Amino acid sequence: MEGNMPVQACYPITETVSKDGLVIPIINFAPFRNGTPADKHAVAMSVVHAFKTSGFLYLKNHGIPPSVTSRVFKSSASFFGRPQDQKDTLGWTTPQANRGYVRTGREKLSTVDDQADRTVPDIKESMEIGREGVEGLPNRWPDQLDEEGKDFKNVMLEFFEMCKELHIKVMQAIALGMNLPVHFFDEYVDKGDNNLRLLHYPAVHKDVFKKNPGQVRAAEHSDYGSITLLFQDRRGGLQARSPEGTWVDVTPFPDTVVINAGDLLARWSNDTIKSTKHRVIEPPKVPGAEDDDTDMYPERYSVAYFCNPNMDKFIEAIPGTYGEGEGLSKAKYPGITSGDYLVQRLSATY
């Protein structure tokens with residue numbers, strides 16, 4: 001279907017972030033959700049092109065109402081506002097579970113080619129939520145603490161399922177854009193073995209960054225799974241590494257979700273899709289903002305939904321990404337079970 005049509009001609013794009021060779025498009029997902037076969041193909045081509053070139057895109061009209069996202073952020077802020085001892089009772093336990101509260105300084109983000117311990121700890125805390133109902137791996141809900149804890153659980157369970165459905169839809173777009181059957185990935189992602197991570201970056205005195213040049217809110221890293229859905233607040237601070245080695249602000253745009261490809265999808269695609277390194281720094285200055293003259297950088301909240309293939313699925317190079325044809329290479333990686341790969345990565349992180 002692609003033929004000789006320039007890829008740009010089929011882009012359902014409204015804006016982009018573009019700097020130093022890194023282009024992050026804003027893609028309208030509505031035509032894929034509700035459009036004609038030609039509409040779906042156009043969106044699919046734009047999604048795959050973005051993942052092959054920058055590894056990042058913004059998605060708008062993705063199907064998750066702003067009212068739901070707003071409720072998630074409000075519930076997240078209330079959770080992180082709890083006393084430290086309450087949060088600690090819900091602490092993260094093992095890489096196999098990957099569920100529960102992670103206090104500031106515990107996580108050491110890493111990439112595939114950099115497993116060294118970080119000398120400067122990240123300035124963030126998080127709450128990890130996995131698929132509900134997995135035997136022996138319960139989520140660490142605060143529903144036993146009070147009514148607010150029960151509401152927190154309900155809000156997050158609803159949001160988890162919405163993100164799961166969006167993950168399936170985006171993987172269908174990737175399949176179509178890679179000239180695979182649209183439902184190729186469905187059997188790999190239907191269980192929802194994903195991870196919802198609520199993130200709180202506390203307010204920080206500006207001297208912390210001035211006196212420690214290596215200090216960041218979240219260290220340079222790549223994500224582990226297939227794709228990540230990231231919902232940002234207005235503060236900013238997320239940056240992606242450009243092909244020139246510089247850092248580019250992934251500016252928050254209202255009612256969009258930032259989606260980036262992870263290491264396992266890059267491996268699955270035989271590196272035809274990019275897993276781009278990114279980090280979180282102190283927020284950029286906002287012209288005219290009242291807090292620019294204070295001694296503190298404001299707190300930041302974000303919500304990441306880390307998408308993975310089902311833990312029992314065997315992942316090896318996708319058909320069409322390797323072979324003897326023009327532009328193809330041999331399969332670069334041995335096959336591996338999704339669960340084994342993710343546990344290996346998490347074990348090096350905590």
Side-chain angles (χ1 to χ4, degrees), residues 64-95 97-109 121-134 137-164 166-167 192-204 217-218 223 225 228-238 252 255 257-258 280 283 291 296-308 346 349-350:
I64 299 178
S67 59
V68 171
T69 306
S70 177
R71 191 163 68 247
V72 168
F73 272 86
K74 182 179 179 181
S75 189
S76 173
S78 295
F79 173 80
F80 288 117
R82 288 179 177 273
Q84 188 65 48
D85 60 347
Q86 286 189 7
K87 293 183 288 187
D88 286 341
T89 63
L90 307 172
W92 187 95
T93 52
T94 66
N98 194 28
R99 289 160 168 82
Y101 171 73
V102 180
R103 64 158 53 222
T104 302
R106 181 172 185 184
E107 184 180 16
K108 299 184 291 290
L109 287 172
D122 293 346
I123 306 176
K124 69 177 188 297
E125 57 180 340
S126 67
M127 181 61 170
E128 315 290 328
I129 300 166
R131 177 163 67 93
E132 187 78 336
V134 180
L137 302 175
N139 278 307
R140 310 277 282 167
W141 298 114
D143 57 328
Q144 301 299 319
L145 298 177
D146 48 38
E147 289 301 315
E148 188 175 280
K150 293 177 182 177
D151 183 66
F152 173 90
K153 178 179 179 179
N154 292 334
V155 168
M156 298 309 162
L157 284 175
E158 177 188 23
F159 187 64
F160 193 102
E161 288 303 311
M162 288 184 174
C163 289
K164 173 187 171 183
L166 180 55
H167 174 212
D193 280 333
N194 306 320
N195 174 245
L196 173 60
R197 171 179 290 184
L198 311 177
L199 286 152
H200 174 225
Y201 302 85
V204 183
R217 281 180 155 177
D223 292 343
T228 300
L229 315 179
L230 180 69
F231 301 81
Q232 301 189 81
D233 68 9
R234 66 181 183 87
R235 291 295 183 183
L238 176 64
D255 302 331
V257 55
V258 174
V280 180
D291 52 29
M296 301 290 292
Y297 284 117
E299 63 184 347
R300 176 183 186 263
Y301 293 91
S302 66
V303 177
Y305 188 80
F306 296 102
C307 304
N308 307 304
L346 287 164
T349 300
Y350 292 94

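Since the model is a prediction, treat every value here as computed from it, not as a measurement.
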Got a second to check how far [X]'s [atom1] is from [Y]'s [atom2], nearest 0.5 Å?
X      : Y      : atom1 : atom2 : value
Thr94  : Leu346 : OG1   : CG    : 9.5 Å
Lys164 : Leu229 : NZ    : CG    : 13.5 Å
Leu196 : Leu198 : CG    : CG    : 5.0 Å
Ser75  : Phe80  : OG    : CZ    : 10.5 Å
Arg131 : Phe160 : CZ    : CZ    : 8.0 Å
His200 : Thr104 : NE2   : OG1   : 8.5 Å

Testing the basics here: between [X] and [Y], what is the closest heavy-atom pair and its distance to 0.1 Å?
X      : Y      : value
Thr89  : Asp85  : CG2-O, 3.1 Å
Ser76  : Tyr301 : OG-CD2, 4.3 Å
Pro142 : Leu90  : CB-CD1, 3.8 Å
Ala304 : Leu199 : CB-CD1, 4.5 Å
Asn308 : Asn194 : N-OD1, 2.8 Å

Any side-chain heavy atom of [X] within less than 4.5 Å of one from [Y]?
X      : Y      : answer
Ile129 : Arg99  : no
Met162 : Val68  : yes
Val258 : Gln232 : yes
Thr69  : Ile64  : yes
Tyr201 : Ile123 : no
Leu145 : Gln86  : yes

Legend entry - Stepwise ring-ring contact (aromatic ring centres under 6.0 Å, His included) test for Phe231 and Phe73: CA-CA 9 Å; Phe231 301 81; Phe73 272 86; 7.5 Å; no
Inset, instruction - Output all residues satisfying side chain to side chain contact (heavy atoms under 4.5 Å, CB included) with Pro66, sequence neighbours left out; order by chain, then residue number. - result: Asp255
Legend entry - Basic-acidic side-chain contact under 4.0 Å: Arg235, Glu299: no
Inset, instruction - Decide whether Asn195 and Tyr305 meet the rule of one side-chain donor and one side-chain acceptor closer than 3.5 Å. - result: no
Under 3.5 Å, is there a donor-acceptor pair between the side chain of [X] and the main chain of [Y]?
X      : Y      : value
Arg103 : Lys124 : no
Arg300 : Ala203 : no
Lys87  : Tyr101 : no

Inset, instruction - List the steps and the verdict of side-chain contact (heavy atoms from CB on, under 4.5 Å) for Asn139 and Glu132. - result: CA-CA 7 Å; Asn139 278 307; Glu132 187 78 336; 2.8 Å; yes
Legend entry - Set of salt bridge (charged side-chain N to carboxylate O under 4.0 Å, His left out) partners for Asp233, sequence neighbours left out: none
Inset, instruction - Please lay out, stage by stage, how Trp92 and Asn98 fare under the test side-chain contact (heavy atoms from CB on, under 4.5 Å). - result: CA-CA 7 Å; Trp92 187 95; Asn98 194 28; 2.9 Å; yes
Inset, instruction - Could you please spell out the steps behind the side-chain contact (heavy atoms from CB on, under 4.5 Å) verdict for Cys163 and Glu161? - result: CA-CA 5 Å; Cys163 289; Glu161 288 303 311; over 6 Å; no
What donor-acceptor contacts under 3.5 angstrom involve side-chain atoms of residues 146-159, with partners at least two apart or in another chain?
from, atom 1, to, atom 2, distance (Å)
Asp146, OD1, Arg82, NH2, 2.8
Asp146, OD1, Glu148, N, 3.3
Asp146, OD1, Gly149, N, 2.7
Asp146, OD2, Arg82, NH1, 3.1
Asp146, OD2, Arg82, NH2, 3.4
Glu147, OE2, Lys150, NZ, 3.2
Asn154, ND2, Lys150, O, 3.4
Glu158, OE1, Arg71, NH2, 2.7

